[in-house]
Amino acid sequence: MFRLDGKVALVTGASYGIGFAIAKGLANAGAKVVFNDIKQELVDKGIEAYKAEGIDAKGYVCDVTDEDAVNAMVAKIEAEVGVIDILVNNAGIIKRIPMHEMTAAEFRQVIDVDLNAPFIVSKAVIPSMLKKGAGKIINICSMMSELGRETVSAYAAAKGGLKMLTRNICSEYGEFNIQCNGIGPGYIATPQTAPLREKQPDGSRHPFDSFICAKTPAGRWLDPEELVGPAVFLASEASNAVNGHILYVDGGILAYIGKQPK
Ligand code: NAP
Ligand code: GCO
């Protein structure tokens, strides 16, 4: 029940990082993977990276905030590959700026990619899922779907909204055998979090690196590969009775007050 043979999976923003790991996992479970990125050079790099893993992925250049471009991409995928059975709304950005210093344009840009785009892409794939009588939508949420922290006001607002968009797609389309769930990763070692792990000029650990390891029961950053099992589960028949759920893959952060500093 965990196999995805015969399914077409679109993972947005999957040239590298979490999206790449999840797409690789879905392919290894049998899915035909298609992905997009905003730049041709990244799509080309992504195709090479998938090939190196023995995966024949198809890549498309598309800015997920551009509704016309998304609709054109989905139509192209349906013509060239097939109807999208599994959508992973992974593409996302973050801007770490104190809220009182953040411009409205910067706030809107984060909301646009992290919340409006999952709406746009989900809206583009749902009609064919309705015709097919089945579909899986997985939204990549965050610890910030539940928690706030300094400098990430726009990101937390977007990811909190994405949690409720997930629940609303579940509510509106569950009767048509479309399941919409979220994955809430903890702190994952990817380019997006690289600035939070950078060594200090004196060679010491970044304070945030030590902070997160103290907040994670496992005492470490998680690896993108650790999201693959949960993603395959939510993309497969095994989760047909799971809907509107945010599966936190956080190593226990949300359950833990944090290790007492020595
Ligand atoms: P990442 O390394 O920054 O990768 C993000 C991907 O999204 C890149 O391929 C990027 O392409 C693409 N993207 C950004 N804006 C796009 C747009 N408008 N249209 C199409 N593609 C776009 O991030 P990540 O760490 O892999 O995170 C992936 C997702 O997981 C995000 O939604 C993030 O919020 C979420 N998340 C991450 C963590 C973590 O700790 N890393 C934890 C929880 C949730 P470009 O390079 O061309 O911009
Ligand atoms: C940050 C990090 C986090 C992670 C992730 C945690 O600045 O706090 O970027 O937001 O990306 O979302 O789940």
Side-chain angles (χ1 to χ4, degrees), residues 2-66 69-93 113-114 117-118 120-122 124-126 128-129 132 134-140 179-183 185 188-192 222-239 249:
F2 293 92
R3 293 293 306 173
L4 305 176
D5 301 281
K7 304 288 186 191
V8 174
L10 167 60
V11 184
T12 64
S15 295
Y16 57 87
I18 286 173
F20 179 77
I22 288 178
K24 211 171 46 167
L26 298 181
N28 291 334
K32 170 65 185 165
V33 158
V34 294
F35 72 100
N36 76 294
D37 218 308
I38 208 162
K39 302 176 199 109
Q40 185 63 53
E41 61 182 298
L42 275 171
V43 168
D44 296 343
K45 261 196 201 155
I47 289 170
E48 287 313 307
Y50 285 109
K51 214 180 278 177
E53 301 280 344
I55 295 166
D56 172 24
K58 261 184 97 58
Y60 297 82
V61 178
C62 178
D63 176 345
V64 290
T65 65
D66 178 341
V70 167
N71 290 337
M73 173 181 69
V74 169
K76 206 162 154 48
I77 292 169
E78 291 188 352
E80 294 176 356
V81 183
V83 165
I84 294 162
D85 302 287
I86 302 157
L87 167 64
V88 180
N89 283 309
N90 166 78
I93 61 169
V113 180
D114 294 5
I120 288 169
V121 187
S122 301
V125 304
I126 282 173
S128 294
M129 289 182 173
K132 199 160 189 179
K136 296 281 186 179
I137 298 174
I138 301 168
N139 293 322
I140 306 299
Q179 291 85 47
C180 181
N181 292 288
I183 288 176
I188 317 289
T190 71
Q192 190 243 52
L222 303 182
D223 186 283
E225 299 296 329
E226 293 179 282
L227 299 170
V228 169
V232 169
F233 165 63
L234 290 177
S236 72
E237 304 282 306
S239 61
V249 186

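Worth knowing before you read on, the calculation uses all heavy atoms, side chains too, and leaves out hydrogens, waters and symmetry mates.
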Checklist entry - Which atom names give the shortest non-hydrogen contact between A91 and T12, and what distance separates them? => result N-OG1, 2.9 Å
Checklist entry - Are K51 and E48 close enough for a salt bridge, meaning some N to O gap below 4.0 Å? => result yes
Sequence neighbours left out, cut at 3.5 Å: what donor-acceptor pairs do the side chains of residues 13-22 make with other protein atoms?
from : atom 1 : to  : atom 2 : distance (Å)
S15  : OG     : D37 : OD2    : 2.7
S15  : OG     : L42 : O      : 3.1

Next on the checklist: Between V11 and L26, is there a side-chain heavy-atom distance shorter than 4.5 Å?
Outcome noted: yes
Item to check | K132: salt bridge (Lys or Arg N to Asp or Glu O under 4.0 Å) partners, not counting sequence neighbours | outcome: D85
Next on the checklist: Taking the basic N atoms (NZ, or NE/NH1/NH2) and the acidic carboxylate oxygens, is any pair closer than 4.0 Å for K32 and D56?
Outcome noted: yes
Checklist entry - Is K39 close to V43 at the side-chain level, that is, under 4.5 Å between some pair of heavy atoms? => result no
Item to check | Pair Q40-Y60, side-chain donor/acceptor within less than 3.5 Å | outcome: no
Checklist entry - Nearest heavy-atom pair of L227 and P230: which atoms, and what distance? => result O-CD, 3.4 Å
Checklist entry - If you look at every heavy atom in G25 and V228, which pair is closest and at what distance? => result CA-CG1, 3.5 Å
Checklist entry - Taking the side chain as C-beta and beyond, is there a heavy-atom pair between V64 and I120 under 4.5 Å? => result no
Next on the checklist: Regarding E225 and K24, does a basic nitrogen lie under 4.0 Å from an acidic carboxylate oxygen?
Outcome noted: yes
Next on the checklist: Just to verify, what does S239 make a side chain to side chain donor-acceptor pair (under 3.5 Å) with, not counting sequence neighbours?
Outcome noted: K136
Item to check | Non-hydrogen side-chain atoms of L10 and V88 separated by less than 4.5 Å | outcome: no
Checklist entry - Do I38 and C62 have side-chain heavy atoms sitting under 4.5 Å apart? => result no
